[in-house]
Each structure stands twice: as C-alpha cells, then as structure tokens.
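Chain letters run A, B, ... following the sequence lines, proteins first and then strands; every chain starts at 1.
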Number of protein chains: 2
Amino acid sequence: MSDSPKADNLVRHMGSIGPEDRAALLRQRGCVVWLTGLSGSGKSTIAHGLEARLHAAGHASYVLDGDNVRHGLNRDLTFSAEDRTENIRRIGEVAALFADAGLITLVAFISPYRAGREAAREAAGEGRFIETFVDVPLDTCEQRDPKGLYQKARDGKIADFTGISAPYEAPERPEVSIPTGELTLDDSVARLEAFLKDNGFIWE
Amino acid sequence: MSDSPKADNLVRHMGSIGPEDRAALLRQRGCVVWLTGLSGSGKSTIAHGLEARLHAAGHASYVLDGDNVRHGLNRDLTFSAEDRTENIRRIGEVAALFADAGLITLVAFISPYRAGREAAREAAGEGRFIETFVDVPLDTCEQRDPKGLYQKARDGKIADFTGISAPYEAPERPEVSIPTGELTLDDSVARLEAFLKDNGFIWE
C-alpha cells in the first residue's frame, strides 16, 4: 500500500485489501512465529498453548505443524535432504501467505538449518518474522523422547536424525529464546505473548 | 472435534482450537470459494471485489491467485502438464488450511480440469467448498483479452492455452454460476455474498 492518498484510493477502488485494513479489522498485525528446536523440545505444545491463549484474548491465529502439513500440502515429499529443504521452503511460503492474510501464524517444525529459516524470514518480510528458539539440551530431549524417536535413531532405525546423526544449527540471534527445561509451559507461552504485545503485533 | 463434552474438554485442555471456536471468534465459517473459468472471464476481479465487500462487512477473507502463489509457493513449477496439476493440487491444500483457520478463502485460477477441482473439494472437506463457475463464452473472453494472451495463443506463441489449444472442463454442478457477460461486477459479487449468507458461512 502506498502512503499517497490518491494511490490508496486507486487501490481501494480496485478492491485490494491491504495490511492496514486487515490489522484494523482483526486488531492484530499478521506475523510468523517460527518455533525451531530439537525433536521433543516442546515446539508444538508451546504453539498450541499460545494459540489457545491468543484465542481466549480474541486473536485469530493458526498452527502449521506436521499434523496438518505433512499429510496434505507436503505429502509428496520424502525425508531425503532435498525434500526436507523443499518441505521447509513451502512451509515458509505458506506461513508468509497466512501472515499476509493478517493471522498470527505459529510454525512448529525442527527446521534445523539456518538457510531454511532465513528463506522463511525473507518470504514473510522483515519485521513480520519472529524466530523463536525452543532451547532445550539434547540430553533433556532424549530423556523425554515422547515418540521414542531418539531410541530408534540410536538404534540406527532412523537415518539423519537431528541432533544424533544430522546437525542442528541453533539460531544466532533469535527474536525470542525459550529454555523449556527451565520454564513451565505457561511461562513459555506467556513470554511469547508478551513479545507479541510489546512489539505491537497484538493489542486489546 | 467430538460431540462428547468430555472429549471436547480434553481437546480444549490440550490447547486445540477447533472450527466451532474459530467460527465464534470470527463470526463466520471458514470455507473455500473456488472460482473457475477461462482466462479473462473475471475470476480475480470478482474475488477482489468480494474480498472488499466482505471486509466492509467485518469478515476476514483472503484471495489466493497467481499474484501471490506463482512467485512464492509455486515458483518451482513450470507450465508442463504435470506441474500444472501440481500447481492446482498445492493451491487446493493451502486453501483447505486457510478454511481450517476460519477464513473465507477466495481462489481464482483457471483450474480447467474437473479432477483437480474435485481434489481441492476433498481437501477442503465437503460442505466447505463452493465451486463457482465464472461462465463466460470463449469469444467474449477472447474479445476482452486484457493481457493479450489469446492473441499470443492464436499466434502459436503460447502452447496449451485453455480454450484455444487445451481443454476447459466446465463444472457440471457448481454451487454458484456467474455469467459475467450478463451480470455487472457488483451483481456478481452480490450473488456470491448472498450464497455465503444463505448457507450460513457469514452472519451479522
């Protein structure tokens, strides 16, 4: 949207609804909260906890995670290196569309590579991407092992498992860090909600 | 979501927000309005007109069209037959995610094949997919030719152009038909808005 009233009128006449219009309607600014961290670190739990809290406060959000992406949009992708890259690329592009639509968009994937997360940041647009490092030591995640995946990786039944047989590139300057080994779930969610408020993404 | 209050509480406790929650928050039911028709039939114009009208009435909607999909999510796809199929498949899956998030999702692509549109209907879920046939005769579209594409297709500069050198499979039982050769833009938009109201997708 241009700052020029004339151009603005022209755009409106053509029926285009822009970010300011959506913000006024939804009382929030669309953005991407990108949760990255090891398997078992709590990304999806935090995302769904934040979604519930935002909903209770009257905000529209949506969680993109393995449950709704892997069996639909990305069901054609394998776990090869190339397809994992494409998996994250598509998720970054879809998250950008959701943010453009005005939603608080919560993304919960391991997303171990910096390059993939930077591409997602670029797609969302600077200032709309909140990289959130769910920072839990490997041994803690491995002790939790809620899906038994670490055991399988140690037994050689899963190849290229992040943290065991494939690298995890930790964020260097994440917008938010959440050490869930030290914070309760409620406190983790509260930290993210406070960030959204303090930075003007949501308001009363 | 289960109808059982106990299961419902369990789901809520886990932090999952379901369709009923989103409908209550946004005062609308997420759905996919899938506009199909020849190039130049007016799909995108109607979609943006409907978006403006819905916005003015306080409803959250979003248009998926070539402008925001081809250069992002689907920029890896060519115009080969296989990639055109994949283009529509992904759009159908993304539209389903948007509808699941509670938005009135407006999709404007030629989408010439019944199979592609049926797959999109299946992804969205029955009862949430509003196939809308923008029904304009080929010669009218060719006379309009706003982007000069028909001329290029006639000159053999574009291969497999829908209506000229590739088939268009018209919908057999679309939820809505819009003969834009006979209706004004305002009337076309009004017809779709009335359908959304009459079928309980939007309310005051």
Side-chain angles (χ1 to χ4, degrees), chain A residues 11-18 21-22 24-26 28 30 44-64 67-69 71-76 86 89-106 119 122-124 185 189, chain B residues 11-18 21-22 24-26 28 30 44-64 67-69 71-76 86 89-106 119 122-124 185 189:
Chain A
V11 168
R12 282 174 200 278
H13 181 70
M14 290 168 65
S16 276
I17 301 299
D21 302 304
R22 297 181 196 283
L25 176 64
L26 296 171
Q28 62 187 37
S44 205
T45 305
I46 293 170
H48 283 283
L50 181 58
E51 179 184 45
R53 189 110 115 202
L54 290 172
H55 184 83
H59 292 291
S61 66
Y62 193 66
V63 177
L64 294 170
D67 286 345
N68 56 18
V69 169
H71 300 291
L73 175 65
N74 289 356
R75 69 161 177 263
D76 56 320
E86 173 66 4
R89 185 193 74 79
R90 288 189 201 167
I91 291 160
E93 294 288 353
V94 170
L97 291 171
F98 270 88
D100 190 43
L103 296 197
I104 309 294
T105 313
L106 315 176
E122 196 170 325
L185 173 60
V189 168
Chain B
V11 168
R12 280 173 202 280
H13 182 69
M14 291 168 65
S16 277
I17 301 299
D21 303 303
R22 297 181 197 281
L25 176 64
L26 297 170
Q28 63 186 37
S44 206
T45 305
I46 294 170
H48 284 283
L50 181 58
E51 179 184 46
R53 187 110 118 203
L54 290 172
H55 184 84
H59 292 292
S61 65
Y62 193 66
V63 176
L64 295 170
D67 286 344
N68 56 18
V69 169
H71 300 290
L73 176 66
N74 288 357
R75 69 162 177 262
D76 57 318
E86 173 66 3
R89 186 193 73 80
R90 288 189 200 166
I91 291 161
E93 293 290 351
V94 170
L97 291 171
F98 269 88
D100 191 42
L103 297 198
I104 310 294
T105 313
L106 315 177
E122 196 169 326
L185 173 59
V189 169

Inset, instruction - State which residues pass ring pair (Phe, Tyr, Trp, His ring centres under 6.0 Å) with Phe98(A); sequence neighbours excluded, sorted by chain then number. - result: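 So Phe98(A) forms a ring pair (Phe, Tyr, Trp, His ring centres under 6.0 Å) with Tyr62(A), Phe98(B).
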Legend entry - Minimum-distance pair of heavy atoms, taken over all atoms of Asp76(B) and Arg89(A):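 So the minimum-distance heavy-atom pair works out to OD1-NH2, 3.1 Å.
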Inset, instruction - Might you point out which heavy atoms bring Leu25(B) and His59(A) nearest each other, and give the distance in Å? - result: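 Answer, listing the atom of Leu25(B) first, then His59(A): CD2-O, 3.4 Å.
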Legend entry - Identified side chain to side chain contact (heavy atoms under 4.5 Å, CB included) counterpart of Glu93(A) within the set Asn68(B), Val69(B), Leu73(B):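 It is Leu73(B), the one option of Asn68(B), Val69(B), Leu73(B) that forms the side chain to side chain contact (heavy atoms under 4.5 Å, CB included) with Glu93(A).
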Legend entry - Atom pair CD1/CD of Ile17(A) and Glu51(B) - distance to nearest 0.5 Å: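 The distance works out to 5.5 Å.
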Inset, instruction - Answer with side chain, backbone, both or neither: which region of Ala123(B) has an atom nearer than 4.5 Å to a non-hydrogen atom of chain A? - result: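 Interface part for Ala123(B): neither.
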Legend entry - Interchain contact, Arg22(B) with chain A, by part (heavy-atom threshold 4.5 Å):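 For Arg22(B), the contact with chain A is made by backbone and side chain together.
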Legend entry - chain A interface, residue from Ala60(B), Ser61(B), Ala101(B), Gly58(B) that has the most non-hydrogen pairs under 4.5 Å: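 Highest number of pairs under 4.5 Å: Ala101(B).
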Inset, instruction - Quick one: which of Leu26(B), Asp100(B), Asn74(B), Val94(B) has the most heavy-atom pairs under 4.5 Å with chain A, could you say? - result: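 Among Leu26(B), Asp100(B), Asn74(B), Val94(B), the one with the most close pairs to chain A is Asp100(B).
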Is it the side chain or the backbone of [X] that comes within 4.5 Å of chain B heavy atoms, both, or neither?
{"X": "Leu103(A)", "result": "side chain"}
{"X": "Leu97(A)", "result": "both"}
{"X": "Ile91(A)", "result": "neither"}

